[in-house]
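Basis for what follows: all heavy atoms, side chains included, without hydrogens, waters or symmetry-related copies. Residues: numbered from 1 along the sequence shown.
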Amino acid sequence: MSLPHAILTALLEKPSSGLELARRFDRSIGFFWSATHQQIYRELGKLERTGLIRALPAEVPTRGQRKEYEVLPAGREELERWVDVREDPRVARDPLPLRLRAAGVVGVRGLVPELRRHRDLHLLRLEEYRAFERRDYPGGPTTERERVQRLVLLGGIDVEAGWVSWLSRAIEELEGSG
């Protein structure tokens with residue numbers, strides 16, 4: 001399970017409250033590893049109970065105050081261990097290719113407009129990622145952290161470009177066979 005490792009990574013980048021983490025997931029990590037706010041809060045509790053993170057002491061204790069968390073040495077060690085784990089690639093689980101395969105059995109019918117809609121959504125995401133790259137790395141990355149973060153972004157750009165290419169080809173073929 002990678003959610004705890006995503007949270008450890010985010011907290012090592014910057015100690016944060018659960019709400020701040022959820023917002024960061026919505027803006028960045030969530031582009032490639034999604035989690036609901038409830039899942040994040042539940043995982044923060046587990047990480048704290050297992051001694052991988054701790055809530056930072058509040059200057060003035062008040063009831064209902066947001067807790068800000070930081071990673072403890074054991075959490076950093078766990079993240080280092082996980083980074084070195086050998087794993088085989090996983091199959092992406094997107095229903096669209098399966099729907100297209102099913103259309104081969106039951107007929108394409110109204111699937112082409114849905115393929116166009118998906119292509120347009122992937123085009124929007126592709127442009128968003130390219131805008132992130134222009135904004136965040138105008139002169140290229142300058143630190144190891146930036147190089148690695150940019151590599152993740154470039155992976156997202158390549159994935160979206162692949163979807164756009166595949167969907168464009170599928171639309172062209174299906175419209176040509178109609």
Side-chain angles (χ1 to χ4, degrees), residues 1-14 16 20-43 78-178:
M1 180 73 168
S2 298
L3 179 57
H5 300 102
I7 290 172
L8 288 171
T9 299
L11 289 176
L12 278 170
E13 290 172 345
K14 180 181 182 240
S16 303
E20 290 167 332
L21 271 176
R23 288 180 180 154
R24 288 170 59 201
F25 264 74
D26 290 343
R27 288 190 322 261
S28 62
I29 295 171
F31 285 115
F32 56 90
W33 194 267
S34 63
T36 66
H37 292 206
Q38 184 180 13
Q39 289 171 315
I40 291 169
Y41 282 104
R42 188 170 43 241
E43 200 58 49
E78 168 55 23
L79 192 59
E80 289 171 349
R81 182 205 62 76
W82 181 73
V83 165
D84 291 336
V85 167
R86 183 178 169 174
E87 290 182 317
D88 292 335
R90 294 190 180 154
V91 174
R93 290 181 51 159
D94 189 296
L96 190 60
L98 182 58
R99 289 171 63 198
L100 185 58
R101 182 159 177 167
V105 178
V106 299
V108 173
R109 303 161 16 150
L111 188 57
V112 172
E114 179 70 350
L115 295 175
R116 275 195 210 96
R117 188 179 77 81
H118 276 254
R119 182 198 55 204
D120 293 346
L121 290 171
H122 284 287
L123 272 168
L124 286 172
R125 177 67 53 89
L126 177 59
E127 285 310 311
E128 186 177 20
Y129 287 177
R130 287 178 175 158
F132 291 161
E133 183 183 21
R134 287 189 300 273
R135 180 195 70 200
D136 296 342
Y137 310 104
T142 58
T143 65
E144 182 178 35
R145 176 187 262 181
E146 285 183 357
R147 278 195 305 277
V148 172
Q149 289 174 337
R150 183 170 174 257
L151 284 170
V152 173
L153 178 59
L154 291 174
I157 289 170
D158 289 347
V159 166
E160 294 303 324
W163 273 107
V164 169
S165 174
W166 177 73
L167 286 162
S168 296
R169 182 181 311 138
I171 293 164
E172 184 179 313
E173 281 200 30
L174 293 175
E175 286 178 332
S177 68

Quick check: closest heavy atoms across [X] and [Y], and the distance to 0.1 Å?
X	Y	answer
L126	I157	CD1-O, 3.5 Å
E127	R134	O-NH2, 4.4 Å
A6	I29	O-CD1, 4.1 Å

Quick one: do R130 and E133 make a salt bridge, cutoff under 4.0 Å? no

Output yes when E172 and R169 qualify as a salt bridge under the 4.0 Å nitrogen-oxygen rule, no when they do not. no

What distance separates [X] [atom1] from [Y] [atom2], expressed to the nearest 0.5 Å?
X	Y	atom1	atom2	value
S2	L8	OG	CG	11.0 Å
L111	R117	CG	CZ	11.0 Å
I7	E43	CD1	CD	5.0 Å
H118	L100	NE2	CG	11.0 Å
R119	I171	CZ	CD1	4.0 Å
F31	E160	CZ	CD	9.5 Å

Close side-chain approach of [X] and [Y], heavy atoms under 4.5 Å:
X	Y	value
E78	H5	yes
P4	W82	no
Y137	L154	no
T9	L12	no
L115	L96	yes

Mark yes when over 12 heavy atoms from residues, nucleotides or ligands other than [X] sit less than 6.0 Å from its [atom1]; otherwise mark no.
X	atom1	value
E80	CD	yes
R109	CZ	no
R135	CZ	yes

Does the plane of the ring in W163 sit parallel, tilted or perpendicular to the ring in H122? Use 30° and 60° as the thresholds.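 It falls in the parallel class, under 30°.
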
Please tabulate, for side-chain N and O atoms in residues 20-27, each donor-acceptor pair with protein atoms closer than 3.5 Å (sequence neighbours left out).
| from | atom 1 | to | atom 2 | distance (Å) |
| --- | --- | --- | --- | --- |
| E20 | OE1 | S17 | N | 2.7 |
| E20 | OE1 | S17 | OG | 3.4 |
| R24 | NH1 | A10 | O | 3.2 |
| R24 | NH1 | K14 | O | 3.2 |
| R24 | NH1 | S16 | OG | 2.8 |
| R24 | NH2 | A10 | O | 2.8 |
| R24 | NH2 | E13 | OE1 | 3.3 |
| D26 | OD2 | H37 | NE2 | 3.3 |

Indicate every side-chain donor-acceptor pair of residues 140-148 with a distance under 3.5 Å to a residue at least two apart or in another chain.
| from | atom 1 | to | atom 2 | distance (Å) |
| --- | --- | --- | --- | --- |
| T142 | OG1 | E146 | OE1 | 2.9 |
| T143 | OG1 | E146 | N | 3.1 |
| E146 | OE1 | T142 | N | 2.7 |

